[in-house]
Structures are given as C-alpha cells and as structure tokens.
Amino acid sequence: MPTDIEIARQAKLIPITEVAANAGVPDDALIPYGKYKAKVDTDQLPDNPNGKLILVTAINPTPAGEGKTTTSVGLSDALHRIGKKTMLCLREPSLGPCFGMKGGGAGGGKSQVMPMDEINLHFTGDFHAITSAHNLLSAMIDNSIYWGNPNDIDVRRVTWKRVLDMNDRALRQIVGPLGGVANGFPRESGFDITVASEIMAILCLASDLKDLQKRLGDIIIGYKRDRSPVYCRDVKADSAMTVLLKDAILPNLVQTLENRPAFLHGGPFANIAHGCNSVIATKTALKMADYVVTEAGFGADLGAEKFLDIKCRLAGLKPDAIVLVATVRSLKMNGGVPKNQLTEGENVEAVRAGAVNLKRHIENLKKFGVTPTIAINHFYLDTDAEIAVIQEMAKEFGAEAVICKHWAEGGAGAEELARIVSAKADAGAPDFNQLYPSDMPLADKITTVATEIYRAGEVSISPAIRKQLKQWEEMGYGNYPICMAKTQYSFSTDPTALGAPEDHTVEINEVRLSAGAGFVVAIAGGIMTMPGLPKVPSAENIYLDENGQIEGLF
C-alpha cells in the first residue's frame with residue numbers, strides 16, 4: 001500500500017481561490033499563503049444562520065491507531081458526496097509529535113487534508129507566532145525584574161515558563177539566568193511544548209482581536225511576596241503580544257484530497273490542554289455550511305469531555321451529533337493482544353474483551369445527553385466476524401456502529417456514516433448538558449470528572465492543592481471549568497491499564513490557573529507538559545530525496 005505522503009503527492013489540488021469560492025468565501029476575505037493555503041478574514045464574511053455541529057471523537061488511542069482525523073476528513077467528504085454543504089474544522093499539527101512518535105496530523109490514506117507536508121511542518125506560521133508571543137512575555141517578565149522589579153514580583157513564584165514546539169525533555173526544568181549581574185537574577189524555570197502554552201488555549205478560545213488582548217492581559221505570570229497575583233498587563237506585554245498574533249488568529253483554509261474546504265486552526269493537545277480547534281474557526285464554519293465536522297483530541301475521556309465541558313460552555317456551542325471512532329485493531333489491544341500480534345489472524349474474543357473500552361465511552365457520552373454513532377475505521381486485515389462483534393456489542397450498548405472505508409476509498413467509503421449522522425444532526429441533541437454546573441467548587445469539579453468519566457474510586461487532592469483552589473475561588477475564578485492533564489492511553493493515570501479500569505486512584509499532583517484562557521488545569525499522574533522523544537524518533541527517518549522531496553513524513 002502506498003504511504004500517506006505518496007498518496008498526497010498524487011493528489012490533484014485546485015487553487016485555494018477556487019476552494020474558497022466553492023465554500024462561499026468572498027475575494028475580499030481571502031488572504032492567500034501561496035497557491036494551496038490561505039487565511040480568511042472573518043470580518044468580511046456574511047452573518048448566515050448556523051449550520052449543524054458534528055463532533056468526531058474516539059476510544060482511547062493505542063499504538064495500533066484509531067484514525068480520528070482520518071475519519072473526520074472522510075466524513076466531511078462523504079457529506080459533500082451525498083449533497084450536504086459541509087465544512088471541516090481540524091487542529092493544526094504540532095512539530096513535536098511529527099518528529100517524535102505520533103507522526104503527522106493531516107489524516108491518512110485517501111482522507112487527508114492538503115498540502116499534507118506543509119500542514120505538518122511550518123504551515124502558515126501560527127505556532128511560531130504563538131511561541132514568539134509566549135516567549136516575548138517571558139523576556140519581559142525577566143526584564144521587569146532586572147530593571148528594578150516595579151511590580152514586586154517574587155522571583156521564587158514566577159509561574160510563567162518558556163515554550164518550544166518540539167519534544168525536548170532536557171528543557172523541562174532549567175535554571176537561569178546565569179552568568180553574573182549583567183544577565184539578571186538566577187531562578188528555576190522550564191519549558192513546555194508550545195501546544196501546552198496558555199496562549200495556544202487563548203487563541204483557540206478568543207472571539208476576536210479585542211477579546212484576545214483582554215485574555216492575554218489576564219494571564220497570571222506569577223505572584224508578589226504578599227501572594228497577590230501579577231498579570232501580563234502589569235509588565236505591559238499584552239499589546240505587543242497581540243501584534244505578534246494578529247495574523248495567527250485568522251483561520252487557515254486548505255482542502256481535502258477531494259478538493260473540499262477545511263479550516264485548520266490552533267492545536268492545543270488534549271492530554272495537557274483542551275484539545276480543540278479554535279472557536280473562531282468553528283463559529284465561522286457554522287456560518288458558511290449546513291454541517292460542520294470537527295474533532296477533539298485523543299479519546300472521548302479527554303478530548304470530547306473538554307470539548308463539551310470547556311469549549312461548548314465558554315463559546316455557547318453544542319453538538320448536534322457525535323461520532324465515536326473505533327477500530328478492530330485497537331479493540332484487540334484493549335483486549336490484551338500485543339501490537340506485534342495484531343496481524344496474526346482473526347481474534348473475535350479479543351475484540352469482544354476490548355469492547356469494554358468502547359462501552360465506557362458510549363456510557364460517558366450519554367451522560368452529556370448525546371448517544372454517539374460508532375464509526376468502525378476499517379483496516380484491510382479486519383474480518384467480517386470481528387466487525388460483526390463490534391456492531392453487535394455497540395447495539396447492546398445502545399449505539400449504532402457503521403463500517404467505514406474512507407482510508408482506502410475516500411468519501412465514498414463513508415457515505416453510510418454520512419447519511420446516518422446527518423439525519424441525527426438534523427434532529428439535534430435537545431437533551432445536551434454539561435457534566436457539572438459552573439458554580440460547583442473547583443475541587444468538586446475535578447472529582448466529578450475523575451469519578452464520572454475516569455471511574456476513579458478515589459481522587460487524591462492534597463490539602464495544599466485544596467487550599468490553592470480555594471484561594472482561586474476567592475479571587476473570582478470559581479466558575480471556571482476544569483481542564484484535566486492526564487495520560488491519553490487509559491481511563492486511569494496508568495498508561496498501561498487498558499480496557500476499562502475502575503475503582504482506581506486519580507492523584508492530582510498540581511493545579512495551574514489559566515486565567516486568560518478561562519479554565520483551571522489539574523495535572524493527574526505522571527503527565528508531562530513537555531514531552532520527550534522516544535528511543536527511535538520519527539525524525540530519524542525523515543529526509544529529502546535526490547529530487548528534493550520529503551520522505552518519511554506520515
């Protein structure tokens with residue numbers, strides 16, 4: 001089978017101006033970035049009625065692959081094929097995973113967004129702008145301390161780190177500035193990956209430039225000696241940061257392999273941030289199309305929960321239908337089959353055993369008042385019996401499962417899913433609700449997510465963390481939703497505990513206030529906000545061939 005990048009090279013793309021015209025974007029609103037990608041000035045678009053919002057999520061990810069982005073692309077193309085005006089909304093990939101373990105984030109097979117290589121690399125520079133804006137604030141904090149510290153910042157309590165869009169464990173904890181008086185005051189700090197930056201979250205939740213600058217100004221960068229907060233606006237960085245982000249806030253328009261429009265904008269990770277593309281892109285798409293297909297990162301326990309509890313709450317959105325992606329291979333792994341044995345023939349019992357993971361996600365999504373449609377992302381080694389057991393068990397769990405062959409066939413392979421999901425979207429989700437009310441205490445929100453979604457038997461929150469949460473409530477942040485930072489591989493905090501573990505302990509190790517984004521981050525287990533590279537990173541196999549073409553990117 002050809003690789004994703006080989007399939008991408010065979011694509012017959014059309015100019016982005018033509019994609020924009022087909023999507024209803026006027027010429028005045030289009031800002032081309034070369035021939036096949038552009039930004040869209042949302043102020044120049046008509047204010048049409050909203051279309052229907054379709055969320056694509058998945059079971060817990062495994063090394064076998066689930067194909068959530070691939071399914072999102074295939075479903076969008078399929079909706080077009082059955083005559084539905086559709087817009088696709090995805091996140092932008094981070095460079096870190098592209099050169100690390102995960103690979104690219106532009107879909108796969110015949111369900112990709114294009115130009116795949118540019119999207120997976122520097123794209124339109126949004127992530128570089130976010131990195132620059134974040135580190136400008138870092139520099140201005142240290143500069144303010146150096147020049148007399150007029151804000152009385154306690155150098156021991158500076159919470160704002162630096163960021164880099166690359167997996168680099170060596171930067172997790174650092175000491176600086178070093179080198180004597182001329183360079184400043186030494187203190188401990190560190191780096192997060194760019195997609196974990198609060199500025200990434202702010203960009204993805206802001207409604208416009210004015211809201212963006214206000215949110216940037218609201219960032220808490222540290223505390224004074226009396227424990228009162230110091231804000232970004234106190235070091236006078238918010239306006240210059242907004243300047244750096246003035247183009248990054250505009251959604252990026254690209255196309256699928258079938259020349260259908262797609263917005264790719266923003267890219268917070270779902271295991272350490274809120275895992276959704278920008279509110280601006282989603283709301284713009286809803287004005288442009290009858291159906292909008294969007295995704296939320298990793299499994300439904302992370303991405304979908306945050307989409308529904310954070311993005312929908314803060315942006316006034318609600319899904320009209322939800323698709324839950326599963327594969328035979330990943331259910332086998334959840335049923336105890338090692339990755340190196342997944343191709344050793346039919347194993348119906350392993351699929352049946354692993355379906356407990358599927359069941360848990362169905363149950364969880366129903367708690368939000370929406371019953372998902374199961375998309376079985378087909379692999380060529382899947383047998384009819386294995387697929388039948390997923391359909392049988394999905395029905396037993398109260399959901400409908402549809403086989404999808406969009407990886408091999410493009411939109412044509414997902415038309416049945418498109419018909420079912422569009423009908424559900426037309427009916428809407430009148431019973432949609434969030435998991436917890438905004439006025440619930442912060443510690444109780446953490447406990448609610450851990451017990452209701454992760455099925456923890458115990459939630460360990462130390463007295464010191466409870467005191468911190470209480471202080472934030474007293475400062476006026478008690479209505480904020482919770483953004484859990486947790487391993488994506490399991491319902492528990494143990495990445496090796498596959499299936500559907502329950503009665504485990506979720507220990508909250510740290511909490512962070514993202515006052516600008518509008519949520520509180522609760523870090524559970526051993527999750528890192530700066531990932532490391534695996535023993536054999538993807539970067540070792542990425543190169544330019546003799547014709548100057550990229551090889552090894554997937």
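Since the structure is predicted, the reported quantities are computational estimates derived from the model, not experimental observations.
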Q. Distance from Glu258 atom CD to His406 atom NE2, nearest 0.5 Å?
A.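 Taking CD in Glu258 and NE2 in His406, the distance rounds to 11.5 Å.
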
Q: Please list, chain by chain and in numerical order, all residues satisfying side chain to side chain donor-acceptor pair (under 3.5 Å) with His274, sequence neighbours excluded.
A: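 His274 satisfies side chain to side chain donor-acceptor pair (under 3.5 Å) with no other residue.
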
**Q.** Partner set under side chain to side chain donor-acceptor pair (under 3.5 Å) for Ser514, not counting sequence neighbours
**A.**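 Expected list: none.
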
State which residues pass ring-ring contact (aromatic ring centres under 6.0 Å, His included) with [X]; sequence neighbours excluded, sorted by chain then number.
X      : result
His80  : none
Phe307 : none
Tyr480 : Tyr477

Q: With sequence neighbours excluded, give me every salt bridge (Lys or Arg N to Asp or Glu O under 4.0 Å) pair touching residues 299-310.
A: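 Of all non-adjacent pairs touching residues 299-310, those that pass salt bridge (Lys or Arg N to Asp or Glu O under 4.0 Å) are Asp301-Lys486, Asp309-Arg313.
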
Q. So, the side chain of Ser76 versus the backbone of Ser72: is there a donor-acceptor pair under 3.5 Å, distance only?
A.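 No: the side chain of Ser76 does not pair with the backbone of Ser72.
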
Q: State whether the side chain of Asn509 and the backbone N or O of Gly525 hold a donor-acceptor pair below 3.5 Å, judged by distance alone.
A: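 Such a contact is found between Asn509 side chain and Gly525 backbone.
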
With a 4.0 Å cut-off on N to O distance, would you call [X] and [Y] a salt bridge?
X      : Y      : answer
Glu198 : Arg512 : no
Glu551 : Arg9   : yes
Arg352 : Glu392 : yes
Arg419 : Glu415 : yes

(Q) Set out, in order, the CA-CA distance, both residues' side-chain angles and the distance that settles side chain to side chain donor-acceptor pair (under 3.5 Å) for Asn364 and Arg455, then state yes or no. (A) CA-CA 10 Å; Asn364 285 348; Arg455 310 299 173 89; 2.8 Å; yes

Q. What is the ring orientation for Phe432 with Phe368, classed by angle as parallel under 30°, tilted 30 to 60°, or perpendicular over 60°?
A.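 Judged by the thresholds at 30° and 60°, the geometry between Phe432 and Phe368 is parallel.
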
